[in-house]
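Below is one structure; the comments refer to it alone.
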Amino acid sequence: MSEKLSREDLARLVAQDIQPGSFVNLGIGQPTSVSNYLTAEQDITLHTENGMLGMGPEAHGDEIDQDLINAGKVPVTEVPGASYFHHADSFAMMRGGHLDVCVLGAFQVSATGDLANWHTGAPDAIPAVGGAMDLATGAKDVYVMMSLFAKDGTPKLVPECSYPLTGVGCVTRVYTNDAVFLLTPEGVRVRETFGTTLEELQSKMDIKLLPPTE
Amino acid sequence: MSEKLSREDLARLVAQDIQPGSFVNLGIGQPTSVSNYLTAEQDITLHTENGMLGMGPEAHGDEIDQDLINAGKVPVTEVPGASYFHHADSFAMMRGGHLDVCVLGAFQVSATGDLANWHTGAPDAIPAVGGAMDLATGAKDVYVMMSLFAKDGTPKLVPECSYPLTGVGCVTRVYTNDAVFLLTPEGVRVRETFGTTLEELQSKMDIKLLPPTE
Amino acid sequence: MAKFAATAQDAVAGIQDGATVLIGGFGNAGQPMELIDALMDCGATDLTVVNNNAGQADAGLALLIKERRVKKIICSFPRQSDSWHFDTAYRAGEIELELVPQGNLAERIRAAGAGIGGFFTPTGYGTMLAEGKETRMIDGKGYVLESPIYGDVALIKALTSDKKGNLVYRKTARNFGPIMAAAAKKSIVQVSGIVETGQLDPEVIVTPGIYVDTVVEIAPQAAEGEAH
Amino acid sequence: MAKFAATAQDAVAGIQDGATVLIGGFGNAGQPMELIDALMDCGATDLTVVNNNAGQADAGLALLIKERRVKKIICSFPRQSDSWHFDTAYRAGEIELELVPQGNLAERIRAAGAGIGGFFTPTGYGTMLAEGKETRMIDGKGYVLESPIYGDVALIKALTSDKKGNLVYRKTARNFGPIMAAAAKKSIVQVSGIVETGQLDPEVIVTPGIYVDTVVEIAPQAAEGEAH
């Protein structure tokens, strides 16, 4: 592909990569936009950790019901086949590895799949973790969506995270506007690049990149 | 009282001692008969560990429903206000100390409230524990109903159990046909005797009996 | 055995200084706002509060924090755009914070109600929130030992109670209610309606009355109060 | 994503020799008899079975044991008046027994589904069933460390499924079903009826379809089969 992916195209790509019939949790922020590109044929069931499977799109107007919100506290809707459960059951579902995919944002991801996405580590910051560590730990696959480079140009896919960790060795894929990375036992493999090349990326990053498999 | 209590009178006595509004689990066997003497005014809610609160009397004839049984696998009925839950929730209710009273049978009870009621310890016996250890552990009060003496005349309320334990220090009262015993931090206190005297009981038992308090 | 209180003030009377108070709700859903207001009015102080958040805007838990009635909060997500009362108290060193990943928070509350003395959870392993805690490798995976969170009191909101205190909830307002009701010595529940015993289907009761001590009916507000 | 099988035989096809099979039911209530019969027919052997009991009379699990297809059983109450096939196998040293207090059995199954690596339970502390296990005093009370029980397969019975595999149960037939469905890699469910998605109220679903892999409809037997 000849250009960097737009945020919309990145969300579309993640959506396409989710297997039909999957149970998925989309993190707050950029990952939420993935839901815009899931198709009816995929028959994806969305989980929200505050106690629901079968979450539908954001609610508007008369649909808004303060008893029906997502983890970002935004009013949402329910789809046929939805179910409600309490917080311990909801996090048991995550922790027990029942979700197929969780899509999260990140400050940094390490080559071995460590995730940092909850705390900048700034000494005066008030920490808040929410469900971030649970989301990182539980799903069969954890996909990260992020920009590959910080505003200062430093890569966010790194040998070792400098920010406080959210989870250890949990991320399996990293989706960025420049490339998709598969975090495998062999190392970090570039699946595809957008408007750049493996060589160019390698020159800007401190981790060894493996080429796409045939 | 001038005579040993009959089994029926013993069950009636236990029933009378249960505080109104209590949540109660009655073990299999003799304890089950306590339910015959609970009054509507007491408004007792019965728990059965296979997943129900608000268990009613044994079912007969057309009432029999194979999906509605008690822990002894006997068909029972439900009373208004009943609820159903799964096994983990049911035993969480017991283990978490939410039941007010559990009434159990016993082979032996020790002076410090150890209970032996699940296994004779015979070398060729096939062991089976069921919910016995959970029942012993969870309730706020564990009442034992048993004969005070074995067929060979040896007491069953003993300094230390010789049978394998069900639970440690869990029994708070022992109801027998000869007397009611309160297991207190000070020791074993006789609350009342039936057709015998404290002195006579003391002569047959190996534990120090404390007299009734005024 | 559930008792029925005439007002939220009656329902919370008896909450002592120094109590650990579990407060249900996630966002506005399931938040027992009238019970929190009554707790404010009743004057109890030195509280330890367990909630997912640390108060929002100028209402409910945020006001308890503003008035320095909360000495410690156990929560997963204190910092929000409108958590200014918590932020101020925290930066002034006037409130203690125990930060717990949300799923561990839920499981710790569940453990208290279920009589579990502690459990090994993978969540938080290898992070700063596990520092100082016992860890263990089990089948090649790292776990952290977490302990139960018991409450002296729980304040929760349900949809309907029957006369036995059996509860049903509504949609995502269920959240922490069922586990908090089981984890507290005394559970105080505000409901939108009370029905006769037998009116709730035994198959659909979420919180059996054994977990409920006090019920108070609070008519739902008109929608105007919900807009924020 | 739940799939629908035409017959019990199709539903259990693929259960491997050596599998750990969680089997629901307490007494006849919730016992997936047709799935157990199909497991018998499919020939899988060297099984580890997790059930509250160890088979009764000459049916279901008892027949699997009679035919020596079960190398190990994890249960709370093997010995019953009609557990003769188990008794014989056990006395012959041809079946291994792991005896677990019923509540620990339930909690261990729940732990597997909930991703808990182990938990401290007071049940069994100080008894021979805690021998060889790690124990700990917590706040002055003795606890035993227990581990999760994972299943390769669960065979359970529910009342109704929708097309997403969401389940509801009936009365005390619920028992081990919900926790076994969550604890097994593959959950196979026999139901009395299947309804369209959306027909089950989202508030009353007990087992969400995420825990269900295969559903087979088995029309309830006439009452004659229930008399024993």
Side-chain angles (χ1 to χ4, degrees), chain B residues 28 48-52 55 62 64-78 82-97 114-119 121 124-138 161 163-170, chain D residues 24 26-31 52-54 56 75-80 83 86-87 90-91 97 99-111 113-114 121-130 141-142 159 169-180 182 206-207 223 225-227:
Chain B
I28 295 171
T48 182
E49 58 265 36
N50 54 317
M52 182 188 194
M55 179 174 65
D62 288 350
I64 290 174
D65 178 338
Q66 294 294 333
D67 285 343
L68 180 47
I69 60 176
N70 67 14
K73 298 171 185 166
V74 175
V76 292
T77 52
E78 79 182 25
S83 54
Y84 297 102
F85 27 82
H86 64 58
H87 244 77
D89 280 350
S90 185
F91 281 82
M93 191 180 284
M94 289 172 40
R95 195 190 310 108
D114 294 352
L115 172 67
N117 77 344
W118 75 283
H119 192 16
D124 65 335
I126 296 178
V129 65
M133 290 186 180
D134 306 276
L135 288 158
T137 303
C161 295
Y163 287 115
L165 292 189
T166 308
V168 176
C170 54
Chain D
F26 182 91
N28 285 331
Q31 194 172 173
N52 189 62
N53 300 103
Q56 295 175 260
C75 71
S76 85
F77 208 80
R79 186 198 61 218
Q80 305 195 91
S83 63
F86 170 80
D87 298 0
Y90 182 76
R91 291 195 196 283
L97 169 65
L99 188 70
V100 184
Q102 196 172 150
N104 287 356
L105 185 67
E107 188 71 9
R108 290 176 64 186
I109 296 166
R110 189 244 172 214
T121 172
T123 304
Y125 179 80
T127 76
M128 58 188 269
L129 295 188
K141 185 169 173 177
L159 177 64
Y169 300 82
R170 187 163 177 277
K171 302 187 185 281
T172 59
R174 187 182 302 195
N175 58 66
F176 286 95
I179 53 175
M180 286 183 168
V206 173
T207 295
E226 314 262 55

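Just the heavy atoms: all of them, side chains too, but no hydrogens, waters or symmetry mates, feed the values below. Protein chains get the first letters and strands the later ones, always in sequence-line order, with residue 1 at the start of each.
- Side-chain contact check for B:F91 versus D:T123: every heavy-atom pair is 4.5 Å or farther apart.
- For D:N53, the part lying under 4.5 angstrom from a heavy atom of chain B is the side chain only.
- Taking chain D as the reference chain and counting heavy-atom pairs below 4.5 Å, the highest number among B:L135, B:I126, B:I69, B:D124 is found for B:I126.
- With sequence neighbours excluded, the residues that form a side chain to side chain contact (heavy atoms under 4.5 Å, CB included) with B:D89 are B:F85, B:H86.
- Looking at D:V206, there are no atoms closer than 4.5 Å to chain B (heavy atoms on both sides), in backbone or side chain.
- Among B:I64, B:D65, B:T48, B:D114, the residue making the largest number of heavy-atom pairs under 4.5 Å with chain D is B:D65.
- Remark: D:K171 NZ to B:D67 CG distance equals 8.5 Å, nearest 0.5 Å.
- A donor-acceptor distance shorter than 3.5 angstrom exists from the side chain of B:R95 to the backbone of D:G103, with no hydrogens or angles considered.
- In this structure, the portion of D:R91 lying under 4.5 Å from any heavy atom of chain B is its side chain and not its backbone.
- The candidate from D:G177, D:A54, D:G142, D:P122 with the greatest count of non-hydrogen atom pairs under 4.5 Å with chain B is D:P122.
- In this structure, chain B has no heavy atom under 4.5 Å from any part of D:Q31.
- Under a 3.5 Å cut-off, the side chain of D:R110 and the backbone N or O of B:A88 do not form any donor-acceptor pair.
- In this structure, D:L99 and B:W118 have side chains that are in contact, with non-hydrogen atoms separated by less than 4.5 Å.
- Here the CZ-CE distance, from D:R174 to B:M52, works out to 11.5 Å after rounding to the nearest 0.5 Å.
- With a threshold of 4.5 angstrom between heavy atoms, D:Y169 does not approach chain B through any atom at all.
- When all heavy atoms are compared, the tightest approach of B:P164 to D:M128 is CB-SD, 3.7 Å.
- The parts of D:F176 that come within reach of chain B are both its backbone and its side chain, each placing non-hydrogen atoms under 4.5 angstrom from that chain.
- Ranked by heavy-atom pairs shorter than 4.5 Å toward chain B, the options D:P101, D:A173, D:C75, D:G126 are led by D:P101.
- Taken from OG1 in D:T172 to CD in B:E49, the straight-line distance is 11.5 Å, to the nearest 0.5 Å.
- Your options are B:S83, B:A125, B:G130, B:A82, and the one with the most heavy-atom pairs under 4.5 Å with chain D is B:G130.
- Taking D:F26 as the reference, B:H87 meet the ring pair (Phe, Tyr, Trp, His ring centres under 6.0 Å) condition, with sequence neighbours excluded.
- Within the 4.5 angstrom heavy-atom criterion, only side-chain atoms of D:L97, from C-beta onward, approach chain B.
- By number of non-hydrogen pairs under 4.5 angstrom with chain D, the leading residue of B:T166, B:V76, B:D134, B:T137 is B:D134.
- For the atom pair CD of D:Q102 and CE of B:M94, the computed distance is 8.0 Å after rounding to the nearest 0.5 Å.
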